[in-house]
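Whatever order the structure lists ligands and atoms in, that order sets their numbers, starting from 1. These numbers were taken from a predicted model, which means no experiment stands behind them.
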Amino acid sequence: MRDSQPLTENDVTPEWAYRRRKLLMAGAALPALCLSGCGEAQPPASTSPAPTTGISADGLTTTEVQTSFRDATTYNNFYEFGLSKDDPAREAWRLKPRPWSVEVSGECERIGRVDLDALLKPLAVEERIYRLRCVEGWSMVIPWRGVSLAALIKTLKPGSRAKYIAFETLADPEQMPGLREPALDWPYREGLRMDEAMNPLALLATGMYGRDLPNQNGAPLRLIVPWKYGFKSIKSIVRVRFQEKMPVSTWNQSQPEEYGFFSNVNPDVDHPRWSQKTERRIAASGNSLFADRIPTLPFNGYGAQVAGLYSGMDLRRWF
Ligand SMILES: Nc1nc2c(c(=O)[nH]1)N[C@H]1C(S)=C(S)[C@@H](COP(=O)(O)O)O[C@H]1N2
Ligand SMILES: [Mo]
């Protein structure tokens, strides 16, 4: 159970909650991995009225209380730097985010290794505030800075056989001590269907809170797909590939019954070992384990912008 790390002095897990979670864990066939063992225990579902979100009509911002910079940069999942929530903040100074290049391959015109700054130069830098919902049951609200993934893809000129886009994280044991553990099959990989990648909400982040991305948040370039569980938002990207086949994604490969390729946030499809109906909002108001538990929304609240991508798909089957 990795989520028992205190966030602040206020974030004290009540003893009963701790014991309840231990029981839940013991009841499960406990795998070695955190992401799959970290579902947070939940109080009974509340019967509160339909939620309003604060998300703007275009989905690009929200008026919700933002997560503090401190929480967003000290409570991280970045297994290349260790499995504990506080490992990335402690270890990620080893990552060298410049110079950085991205290798582009597959079904597109602009194949080859491109310096990151050259890749980004023609693109408009935007500020967006997004919710990020981890499959473990917590969420944050983070002001990002970055470039539209769709805009970047257009500069790479994919062909008609490019049905998917695949991403890979750096896997350098010199910079990433977590690679010594076979926690996942490195390098970390993720992918999107091309229409998902072209949706205006998909962002390639280069910064947050008005500054460059801290290493632990995926410097110098990470994906943000706000309507999907956080693990789709792959960090420290060094490879982009356009392909006809559905790409391998690390969590799907590791535990296909638990993590599908699509991984859209969906309160109606529980994780096999815990409910996805509510989430613990890590924001400015205390962060105690069961405080600020709010309903999880379909597509993380971005249904108006993205539900159309999945019309006709059975989202229980394609979870
Ligand atoms: N390369 C890489 N990317 C990753 C992860 C990881 O372990 N390695 N963890 C994912 C998970 S599970 C989540 S919830 C988010 C967390 O992003 P944050 O630390 O910036 O909040 O990053 C995702 N991207
Ligand atoms: Mo996550």
Is the number of heavy atoms from other residues, nucleotides or ligands under 6.0 Å of Arg211 CZ greater than 12? no
With the side chain counted from C-beta on, respond yes when Arg193 and Phe262 share a heavy-atom pair under 4.5 Å apart, and no when they do not. yes
Say whether Asn217, considering both its backbone and side-chain N or O atoms, lies within less than 3.5 Å of an N or O atom on ligand 1. yes
Assess whether atom CZ of Arg161 is packed by more than 12 heavy atoms of other residues, nucleotides or ligands within 6.0 Å. no
Residue Leu132 vicinity, atoms of ligand 1 by number, heavy atom under 4.0 Å: 21 (O)
I'd like to know if Ser233 contacts ligand 1, where contact means a heavy-atom distance under 4.0 Å to any ligand atom. yes
Does only the side chain of Tyr79 get under 4.0 Å from ligand 1, or the backbone, or both, or neither? Count heavy atoms. both
Without swapping roles, check the side chain of Lys235 against the backbone of Gln216 for a donor-acceptor pair under 3.5 Å. yes
Residues Glu136, Trp138; criterion side-chain hydrogen bond (donor to acceptor under 3.5 Å, both in side chains); working and verdict: CA-CA 6 Å; Glu136 292 166 355; Trp138 48 268; 2.8 Å; yes
Taking distance alone, with no angle check, do Arg222 and ligand 1 share an N/O pair under 3.5 Å? yes
Regarding atom 19 (O) of ligand 1: of the candidates Arg133, Lys235, Gln216, which has the closest heavy atom? Lys235
Candidates Phe81, Tyr188, Trp138; heavy atom nearest atom 10 (C) of ligand 1 found on Tyr188
Here the atoms of ligand 1 under 4.0 Å from any heavy atom belonging to Glu80 are 1 (N), 2 (C), 6 (C), 7 (O), 8 (N)
What I want to check is whether the side chains of Thr296 and Gln276 have a donor and an acceptor closer together than 3.5 Å. no
Classify the contact between Thr169 and ligand 1 as side chain, backbone, both or neither, using a heavy-atom distance cut-off of under 4.0 Å. side chain
Does the side chain of Leu221 reach to within under 4.5 Å of the side chain of Thr206, using non-hydrogen atoms? yes
Close-contact set for ligand 1 against Cys134 heavy atoms, below 4.0 Å: 14 (S)
